[in-house]
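Just follow the structure's listing: the first ligand is 1, and inside any ligand the first atom is 1.
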Amino acid sequence: MSTRGLFDDMPIDGGIDGGIDGSQEIGPRARVLRAFARPVAGELLKAIAAVERISPFRHLVTPGGYTMSVAMTNCGALGWTSDRRGYRYSSIDPETGTPWPAMPDVMRRLAHDAAAAAGFERFEPDACLVNRYVPGAKLSLHQDKDEQDLDAPIVSVSLGMPAVFLFGGLRRDDPTAKVPLFHGDVAVWGAEDRLRYHGVMALKDHPHPDLGSHRINLTFRKAG
Ligand code: MD6
Ligand code: FE
């Protein structure tokens with residue numbers, strides 16, 4: 001069966017040039033590298049299992065008091081976290097009171113190489129946010145702006161079930177493109193695209209052979 005079939009309800013490119021197999025420009029400095037992480041997907045899943053043994057997935061509470069439907073953990077020197085007091089990066093996991101697990105080499109290398117492939121040389125992430133989705137989980141439209149270094153790009157790796165990524169503009173009410181993200185796809189963006197609003201639509205249940213009814217997203221940043 002082709003990679004599509006099951007996902008006929010998902011637009012492939014929402015009017016954006018490119019296709020499912022190559023690299024797709026979604027902005028002047030934003031790209032999806034199709035299947036870029038596939039060769040290391042098995043290693044990534046083992047590395048994630050090791051990370052979550054130290055810092056388990058948890059559902060964070062937003063400053064507004066909502067419990068997020070996406071479960072999160074982190075690895076690297078800094079981790080993104082949220083509570084009633086706000087969003088922030090911390091070197092300590094507030095749940096365990098100890099540092100976040102180190103970023104596994106396979107992740108660091110993948111993030112560096114994907115950034116380079118998208119035109120951002122010398123990317124050295126110090127934070128990897130690990131997001132875990134089940135059917136129905138979603139991420140509302142937001143900007144990533146809690147990082148010190150907005151010159152560095154963001155590298156985002158999708159594993160498991162497919163998702164529809166919403167990619168908007170610099171203002172919340174700008175129109176959004178719908179970009180499907182599949183197992184192994186890597187999105188990279190920076191420069192003038194760095195502060196674009198984006199989100200993830202509620203996941204449909206299209207179980208994945210390796211991950212079942214889960215999607216995992218790794219988001220690499222230079223946060224400190
Ligand atoms: C996700 N990603 O794909 C959530 N942010 O699960 C993000 O919020 C994100 O993928 C900034 C850059 C790339 C991303
Ligand atoms: Fe984001």
Side-chain angles (χ1 to χ4, degrees), residues 10 23-34 36-37 41 44 48 57 59-60 62 68-76 78-82 87-89 107 110-111 114-115 117-120 123 125-170 172 174 176-204 206 208 211 213-223:
M10 292 187 181
S23 142
Q24 190 178 10
E25 312 278 334
I26 59 173
R29 300 299 308 278
R31 292 194 194 176
V32 178
L33 308 172
R34 294 291 178 196
F36 192 91
L44 291 174
I48 294 161
F57 283 102
H59 292 272
L60 296 172
T62 67
M68 299 181 74
S69 59
V70 177
M72 299 182 174
T73 184
N74 292 274
C75 60
L78 292 171
W80 186 86
T81 186
S82 174
Y87 304 123
R88 79 189 75 83
Y89 280 95
M107 293 191 189
L110 172 65
F120 297 95
F123 178 52
D126 57 12
C128 176
L129 172 64
V130 186
N131 293 149
R132 188 181 66 192
Y133 296 73
V134 295
K138 68 183 174 82
L139 201 59
S140 310
L141 220 53
H142 66 277
Q143 287 175 300
D144 288 20
K145 56 176 185 189
D146 301 321
E147 300 75 28
Q148 300 281 337
D149 183 358
L150 294 177
D151 292 335
I154 294 180
V155 171
S156 163
V157 177
S158 293
L159 295 168
M161 293 207 298
V164 178
F165 195 65
L166 296 170
F167 196 52
L170 294 176
R172 184 180 290 281
D174 285 339
T176 53
K178 289 182 175 162
V179 182
L181 293 177
F182 298 95
H183 180 69
D185 289 350
V186 181
V188 181
W189 75 71
E192 64 261 50
D193 291 322
R194 179 65 178 71
L195 289 175
R196 286 173 71 161
Y197 277 89
H198 58 277
V200 178
M201 288 178 70
L203 250 71
K204 294 192 176 172
H206 292 308
H208 181 273
L211 278 136
S213 291
H214 285 116
R215 170 178 186 257
I216 291 184
N217 170 262
L218 305 174
T219 309
F220 297 91
R221 307 179 173 100
K222 181 102 182 78

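At distances below 3.5 Å, not a single donor-acceptor pair connects side-chain atoms of His183 with backbone N or O atoms of Leu159. The closest donor-acceptor contact from the side chain of Arg221 to the backbone of Leu129 lies at 3.5 Å or more, if one exists at all. When atom types are taken as modelled, the side chain of His142 and the backbone of His198 share a donor-acceptor pair closer than 3.5 angstrom. Arg88 places no side-chain N or O within donor-acceptor distance of the main-chain N or O of Thr81, the cut-off being under 3.5 Å. A donor-acceptor distance shorter than 3.5 angstrom exists from the side chain of Asp193 to the backbone of Ala30, with no hydrogens or angles considered.
Looking only at protein heavy atoms, the nearest one to atom 11 (C) of ligand 1 is Asp144 OD2, 2.8 Å. When only non-hydrogen protein atoms are considered, atom 10 (O) of ligand 1 lies nearest to Ser156 OG, 2.6 Å. In terms of protein heavy-atom proximity, atom 13 (C) of ligand 1 is nearest to Trp189 CH2, 3.2 Å.
In this structure, CZ on Phe120 lies 10.0 Å from CZ on Arg194, to the nearest 0.5 angstrom.
Among the heteroatoms counted here (N, O or S) of Asp144, OD1 is the one nearest to the Fe ion (ligand 2). Within His198, the N, O or S atom at minimum distance from the Fe ion (ligand 2) carries the name NE2.
Annotation for ligand 1: atoms under 4.0 Å from non-hydrogen atoms of Leu139 are 4 (C), 8 (O). Listed by number with element, the atoms of ligand 1 under 4.0 angstrom from any heavy atom of Val200 are 1 (C), 3 (O), 4 (C), 6 (O). Close approach to Tyr133 involves these atoms of ligand 1, each under 4.0 Å from a residue heavy atom: 1 (C), 4 (C), 6 (O). Listed by atom number, the atoms of ligand 1 under 4.0 Å from Arg215 heavy atoms are 1 (C), 3 (O), 6 (O). Every atom of ligand 1 is numbered from 1 in the order shown, and the set under 4.0 Å from a heavy atom of His142 is 8 (O). Using a 4.0 Å cut-off to heavy atoms of His198, the atoms of ligand 1 that qualify are 5 (N), 7 (C), 8 (O), 9 (C), 11 (C).
Side chains of Arg215 and Val200 form a contact here, defined as non-hydrogen atoms less than 4.5 Å apart.
The shortest N/O to N/O separation between Asn217 and ligand 1 falls below 3.5 Å.
Proximity of Val70 to ligand 1, defined as any heavy-atom pair under 4.0 Å, is not found for any part of the residue.
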Checklist entry - Checking side chain to side chain contact (heavy atoms under 4.5 Å, CB included) for the pair Met72/Val130: CA distance, chi angles, key distance, verdict? => result CA-CA 6 Å; Met72 299 182 174; Val130 186; over 6 Å; no

Next on the checklist: Evaluate Leu166 against Lys178 for side chain to side chain contact (heavy atoms under 4.5 Å, CB included), listing each step before the verdict.
Outcome noted: CA-CA 5 Å; Leu166 296 170; Lys178 289 182 175 162; 3.8 Å; yes

